[in-house]
Structure formats: C-alpha cells, structure tokens
Amino acid sequence: MTHKKVLVADRIAKEGIDVLRDKGYDVDVKLDLTEDELAAQIVPYDAIVVRSATPVTRRVIEAAENLKIIGRAGVGVDTIDLDAATERGVIVCNAPTSNIMSAAEHTMALMLACARQLPQANASMHEGKWERSKFLGKELYEKTLAIFGLGRIGGLVAERARAFGMKIIGHDPYCSPERADQLGVELFERVEDVLARADFITVHLPKTPETIGMFGPEEFAAMKDGVVLINAARGGIYNVKSLSDFVAAGKIFAAGIDMFDEEPCTGSPLHEFDNVLLTPHLGASTHEAQVRAGVQIAEYVSSGLEGSIVPTALNMTLVPPEMMDAVGPYVPACQMMGRILAQILGCIPKTLRVEAAGTIANADASILVAGALDGILAYRRAGSVTPVNVESVAVRHGIKVDTASIADADEYASAVKVVADGVEVGATLFGSMQRPRIMSLLDYKIDIAPAKQSLVFEYVDAPGRIGAIGTLLGNEGVNITTMQIGTKPSEKTALVYMNVEGNVNDQLLEKLSGALDFKNVWSFSL
C-alpha cells in the first residue's frame with residue numbers, strides 16, 4: 001500500500017504533525033524553500049501545509065502532479081493562488097477559528113494598554129523616573145465601544161467588553177439583528193452614525209477593496225475628541241498617514257495597531273508617537289492558537305485526502321458563503337453523530353433523517369446530510385461522502401434520506417438531530433471554538449462533549465448502578481473523565497454516557513453486562 005504524502009513547508013505545532021502521522025500519512029517537514037525549490041519538490045506530494053511564509057503560486061501548483069489539497073494553518077490565504085488551485089481541482093482550506101480567541105484577547109490587551117498608557121508608564125519607570133501624575137488614563141467602564149465587523153472575533157470582543165461594563169455599538173451589513181441582540185450590540189446602518197458616539201473603536205474586517213482606507217480624514221474628523229482606536233484585523237483599514245495627522249493634532253488619545261499594509265513594518269508615520277502602541281502582528285501569537293491551528297488544519301487536510309467534507313474549503317464550496325458560515329461548523333458534529341449511529345446499529349441504515357433547528361433551520365441541509373452519511377460510511381469503511389456525491393452515495397447504499405426544518409431548537413440557538421433506522425442522536429455547538437456537544441441520544445436528554453473514547457449504558461434505573469459501574473471500571477484500570485445521566489421516568493430507564501480513558505475491550509463489556517444486567521452497552525470510538 002502506498003501511503004499518501006504530506007509536505008509541511010512552514011513551522012506548525014508538533015501536535016498537528018503528530019495528527020497527520022497518527023493517521024498513517026508520510027509527512028516531510030521542509031522549511032524555508034524558495035519557489036524554485038518548492039516547485040521541484042512538490043511533485044510527489046498529495047497535500048501541502050503552509051503558513052504565511054511560503055507562497056503557493058501558480059507555478060508551484062502546476063508542478064504538483066498529485067496535489068489534492070492545500071492547508072493554511074491560520075486564517076489568511078493571500079499567499080495561495082486560489083484560481084490556479086481551483087483550475088486544477090485542488091482544495092484550499094484554512095483554520096479560521098484557530099486564533100480567534102487569541103485575537104480577541106489581544107484586542108482587549110491593546111485597548112487596556114492604550115487607555116491606561118501602560119507602555120509609556122513602563123518606559124518611564126525603566127528610565128528611573130516616577131511620573132505618576134503624567135499618565136492619567138481612561139476607564140473602559142460605561143464607555144461606548146464601536147465594533148466594525150461582528151464576525152467570530154468581533155463577537156468575542158463584544159462579549160469581553162460587556163464584562164467591563166461597556167456599552168457596545170456596531171456596524172456590519174452582514175450581521176443579522178438576531179445575532180446583534182445575542183451579542184448585546186446596538187447596530188447602526190451608517191458608519192457616520194457610529195463614529196460620533198464611540199469612545200473606543202475597534203475593527204474586525206477582512207481586507208477587501210471596500211475596507212482598505214475605510215477610515216480616512218473625513219472619518220477621523222467625525223470621531224469624538226479623545227477616541228481610542230484599535231486594529232488587530234488587517235493592515236490598511238485605517239489610513240496610516242491620516243491617522244498620524246490626527247494623533248499629532250491631539251484628536252486621537254491613543255491607538256493600538258497590530259497589523260500593517262506591508263510586513264515586516266519597521267517604520268511608518270505612526271512610529272514617532274508614544275501614544276501609538278505598535279505590536280508586530282501578535283494577534284495569533286499564543287501557544288494555544290498555534291496548537292489549534294496545527295491540529296485543525298491537520299484534521300481538515302486528512303478529510304480532504306480521504307474524500308470527505310472539508311468544512312473550511314474556500315474554493316470548492318457548493319453552497320453560498322454565508323450559508324456555509326452558518327452550517328459549516330456543524331459538519332464535524334454531523335460526522336460525529338454518524339459515527340455514533342454506525343456503532344450503535346452495526347450496519348448501514350436503510351433510512352436517514354436529518355433535522356436542522358433554530359438559526360440554521362432554513363439552511364441547505366445537503367451539507368449536513370453529507371456529514372452524517374460520511375460519518376456512518378467512514379466507520380464502516382464503505383466509502384466517503386461529499387456534497388457533490390451525497391445523493392448518489394445514498395442511492396448506491398439503499399439509504400432513503402429525509403430532511404426537516406424546525407424553527408425552535410428549545411433552549412439552544414441551533415441544533416441538528418440525526419435519526420437512522422429510528423435511532424436518534426442530537427447535537428449542538430458550544431463555546432467560542434464551536435465544538436460539538438451531544439444534547440440527546442436514544443431520546444434521552446443529556447448534555448456532554450464527547451471524547452475520543454466513550455462508554456454508554458442503558459438500564460432499568462435502580463440505586464447503586466453508577467457506583468457499581470465505577471468500581472468495575474476502576475478494577476480494570478479504566479478512568480471516567482466526564483459523565484452524564486439521562487432518564488425516561490415513564491419507562492423507569494436511564495442512559496449513562498461516560499467519557500473514559502483506558503483499555504476498553506470486548507471482555508470488559510461482557511463483564512459489565514453480566515454483572516449489572518444492562519439493557520444495552522456500547523463502546524464508542526470517535
């Protein structure tokens with residue numbers, strides 16, 4: 001058997017490389033390659049993983065005879081020729097959620113440092129001075145923060161700013177009133193209506209022709225005197241020359257800038273001002289963000305190589321981008337539910353129903369169906385599924401597929417339920433990283449984030465069962481990490497979902513069943 005080959009051309013976290021190797025790929029790490037060297041060496045590789053340092057040009061893509069997917073361990077794909085990749089049928093994907101927490105926290109750090117003049121005070125202290133009266137700052141409490149761009153990072157900033165007691169306003173033509181309400185943001189349609197109200201302004205916008213130079217002389221003039229400006233998004237959204245003029249004039253109290261038109265940036269009109277805090281593109285520079293980027297892109301590259309759905313594919317999306325943004329994060333959840341159903345049923349189902357509820361009720365369900373089918377068939381080693389072939393795969397395996405839209409997701413904003421041959425599992429997403437969380441299984445209501453290895457027990461409810469299970473597992477060296485219990489009072493039955501660590505084999509399952517007379521016992525490997 002010939003193993004698929006992956007080239008890692010930039011430094012990524014070791015954890016990401018480990019994921020690829022654990023999945024059986026031949027991984028080569030070759031750093032600091034020139035375009036000539038990369039074009040010469042890319043020929044045998046099925047995938048390449050890069051960051052921003054290595055351009056994947058048309059020349060490189062056309063030299064790659066086996067290339068199927070390009071993974072960017074981060075957000076921006078400016079250095080990848082999307083058109084050339086698309087022409088060759090090569091998927092380009094990124095890890096857009098890997099650094100969002102770090103970027104949001106860096107935004108708050110810049111805001112606080114600017115408001116309290118921390119860099120200037122620190123420099124003064126290191127010069128042996130004690131100038132306490134010189135560094136009179138501003139509180140964030142009860143100030144108005146304007147956020148331009150209420151996507152993932154802008155939303156996280158809004159949540160954190162609320163904790164400081166700030167009033168939050170914003171502008172984002174793509175943000176729905178419902179999302180703004182959830183974030184506690186008062187939306188304005190016109191930019192000029194926001195500027196005059198804000199004590200602090202932060203931008204979280206993509207780099208497009210519309211956003212470059214979006215803030216120039218007219219916009220700065222319309223702002224409040226003493227405003228604080230932050231940019232940890234993309235360079236050029238603030239016109240640097242105009243910004244420096246208004247800082248010099250005293251209109252702007254302080255600015256925190258992490259992104260620049262051209263990088264590295266070692267000189268600009270802003271460099272001469274002590275009240276402009278400059279950082280060298282540090283938004284994603286945390287250990288946690290680097291690990292997440294490496295692991296996420298490794299998982300997505302693996303999905304692409306195996307013919308499965310790649311949730312962050314940028315050039316092979318078959319649904320509108322705004323729809324993919326809504327339902328794309330649910331693909332891993334649907335794949336996870338498919339794997340659970342396959343392990344419960346032990347066979348490929350004859351019927352499959354996918355229900356989308358809440359804010360994704362009206363989304364195109366095909367990608368959700370493809371995710372669920374992919375999970376079922378991947379576990380059975382019976383092929384892979386993408387939105388392209390979902391209908392034909394279902395027909396080929398004799399699976400009757402049905403979908404439904406449900407307006408109310410109960411206490412959740414959104415959720416997906418998958419039912420195969422009458423066996424049900426439901427999931428939602430939680431946290432800033434939108435990880436899957438099981439909310440129901442076999443019609444038992446539970447609430448648990450599944451681990452890679454789980455044990456599930458269904459039994460007639462009676463005192464002492466949990467203690468007996470724990471004792472038996474402990475004697476076999478199996479550790480329970482988290483646990484959830486669901487009940488059906490009308491049937492006097494209970495379902496226990498345990499995330500575990502240790503050697504769970506058939507002998508252990510037989511011992512558990514024999515000792516405690518369970519209705520059902522399953523071991524899930526996800």
Side-chain angles (χ1 to χ4, degrees), residues 8-20 29 31 49-54 71-79 93-116 118-119 122 140 145 147 149-164 183 200 202-207 228-235 237 255-260 263-265 276-301 311-312 329 332 429-435 449:
V8 177
D10 282 325
R11 288 176 177 82
I12 69 169
K14 175 181 178 295
E15 290 84 348
I17 295 172
D18 290 343
V19 167
L20 291 167
V29 179
L31 308 177
V49 176
V50 296
R51 295 185 63 193
S52 57
T54 300
R72 164 68 162 94
V75 181
V77 291
D78 309 11
T79 57
C93 64
N94 61 353
T97 63
S98 60
N99 67 358
I100 58 175
M101 186 62 70
S102 295
E105 289 185 358
H106 193 63
T107 298
M108 296 304 299
L110 289 173
M111 197 182 307
L112 286 163
C114 286
R116 299 304 298 267
L118 299 184
N122 176 66
L140 271 59
L145 169 66
I147 302 177
L150 289 162
R152 295 183 180 98
I153 298 173
L156 289 173
V157 171
E159 291 174 0
R160 279 141 190 78
R162 284 207 314 272
F164 282 86
L183 294 173
F200 294 79
T202 180
V203 295
H204 300 282
L205 300 164
K207 188 173 185 177
V228 174
L229 305 180
I230 306 296
N231 181 7
R234 286 290 180 266
I237 295 174
I257 308 296
D258 185 52
M259 307 289 277
F260 304 88
E263 298 180 355
C265 177
V276 177
L277 172 54
L278 305 175
T279 55
H281 198 150
L282 297 181
S285 293
T286 64
H287 173 73
E288 294 83 356
Q290 299 308 307
V291 170
R292 279 195 295 266
V295 171
Q296 285 181 9
I297 204 62
E299 294 287 357
Y300 295 151
V301 165
T312 64
L429 304 179
F430 78 103
S432 61
M433 304 310 297
Q434 296 187 293
R435 295 188 178 93

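The chain is numbered in sequence order, starting from 1. All figures in this text were calculated on a predicted structure; none of them were measured in a lab. Every heavy atom of this structure was used, including side-chain atoms; hydrogens, water molecules and symmetry mates were not.
- Not counting sequence neighbours, Thr107 has no partner by the side-chain hydrogen bond (donor to acceptor under 3.5 Å, both in side chains) test.
- A 4.5 Å side-chain heavy-atom check between Ile17 and Val29 finds at least one atom pair inside the cut-off.
- At least one donor-acceptor pair under 3.5 Å links the side chain of Arg72 to the backbone N or O of Gly76.
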Show, in sequence, the C-alpha distance, side-chain angles and deciding distance for Leu429 and Arg435, and conclude whether the side-chain contact (heavy atoms from CB on, under 4.5 Å) test is met.
CA-CA 5 Å; Leu429 304 179; Arg435 295 188 178 93; over 6 Å; no
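- Here CD of Gln296 is found 8.5 Å from OG1 of Thr312. Values are rounded to the nearest 0.5 Å.
- Partners of Leu112 according to the side chain to side chain contact (heavy atoms under 4.5 Å, CB included) rule, which considers only residues two or more places apart in sequence or in another chain, are Leu140, Phe164.
- Considering only residues two or more places apart in sequence or on other chains, Arg116 meets the side-chain hydrogen bond (donor to acceptor under 3.5 Å, both in side chains) condition with none of them.
- A side-chain N or O of His204 and one of Thr202 form a donor-acceptor pair less than 3.5 Å apart.
- Scanning for side-chain hydrogen bond (donor to acceptor under 3.5 Å, both in side chains) contacts around Ser98 gives an empty result, with sequence neighbours left out.
- Annotation: the span from Ile153 atom CD1 to Thr97 atom OG1 amounts to 10.0 Å, rounded to 0.5 Å.
- Judged as a side chain to side chain contact (heavy atoms under 4.5 Å, CB included), and not counting sequence neighbours, the contacts of Ala53 are Asp10.
- With sequence neighbours excluded, the residues satisfying side chain to side chain contact (heavy atoms under 4.5 Å, CB included) with Ala161 are Leu145, Met166, Ile168.
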Set out, in order, the CA-CA distance, both residues' side-chain angles and the distance that settles side-chain contact (heavy atoms from CB on, under 4.5 Å) for Leu277 and Ile257, then state yes or no.
CA-CA 6 Å; Leu277 172 54; Ile257 308 296; over 6 Å; no
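- Scanning for side-chain hydrogen bond (donor to acceptor under 3.5 Å, both in side chains) contacts around Glu159 gives an empty result, with sequence neighbours left out.
- Residue Cys93 comes nearest to Tyr300 through the heavy atom pair SG-CB, 4.0 Å, listed as atom of the first residue, atom of the second, then distance.
- Here Lys14 pairs with Asp18 under the salt bridge (charged side-chain N to carboxylate O under 4.0 Å, His left out) rule; sequence neighbours left out.
- In this structure a side-chain-to-backbone donor-acceptor pair under 3.5 Å is present from Asp258 to His281.
- When all heavy atoms are compared, the tightest approach of Ala9 to Thr54 is O-OG1, 3.3 Å.
- With contacts defined as side-chain heavy-atom distances shorter than 4.5 Å, the pair Pro332/Pro311 qualifies.
- In this structure, Ile237 CD1 and Leu229 CG are separated by 12.0 Å, a value rounded to the nearest 0.5 Å.
- Between the side chain of Gln290 and the backbone N or O of Ala284, at least one donor-acceptor pair lies under 3.5 Å.
- Taking Ser285 as the reference, Leu282 meet the side chain to side chain contact (heavy atoms under 4.5 Å, CB included) condition, with sequence neighbours excluded.
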Report the C-alpha distance between Thr279 and His106 in whole Å, list the side-chain angles of each, state the deciding distance to 0.1 Å, and finish with yes or no for side-chain hydrogen bond (donor to acceptor under 3.5 Å, both in side chains).
CA-CA 10 Å; Thr279 55; His106 193 63; 3.2 Å; yes
If you apply the rule side-chain contact (heavy atoms from CB on, under 4.5 Å), what do you find for Phe260 with Leu278, and how did you get there?
CA-CA 10 Å; Phe260 304 88; Leu278 305 175; 4.1 Å; yes
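- By the 4.5 Å heavy-atom criterion applied to side chains, Ser52 and Glu263 are not counted as neighbours.
- Residues Phe430 and Gln434 have side chains not in contact (no heavy-atom distance under 4.5 Å, counting atoms from C-beta outward).
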Report the C-alpha separation of Val75 and Asn99 in whole Å, then their side-chain angles, then the decisive distance to 0.1 Å, and conclude whether the side-chain contact (heavy atoms from CB on, under 4.5 Å) test is met.
CA-CA 8 Å; Val75 181; Asn99 67 358; 3.5 Å; yes
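- Rounding to the nearest 0.5 Å places CD1 of Ile230 at 5.0 Å from CG of Leu110.
- The shortest heavy-atom contact between Gly71 and Val301 is CA-CG2, 4.0 Å.
- In this structure, the side chains of Leu205 and Arg234 stay at 4.5 Å or more apart for every pair of heavy atoms.
- Applying the salt bridge (charged side-chain N to carboxylate O under 4.0 Å, His left out) test to Glu299 and every residue at least two apart in sequence or in another chain returns Lys23.
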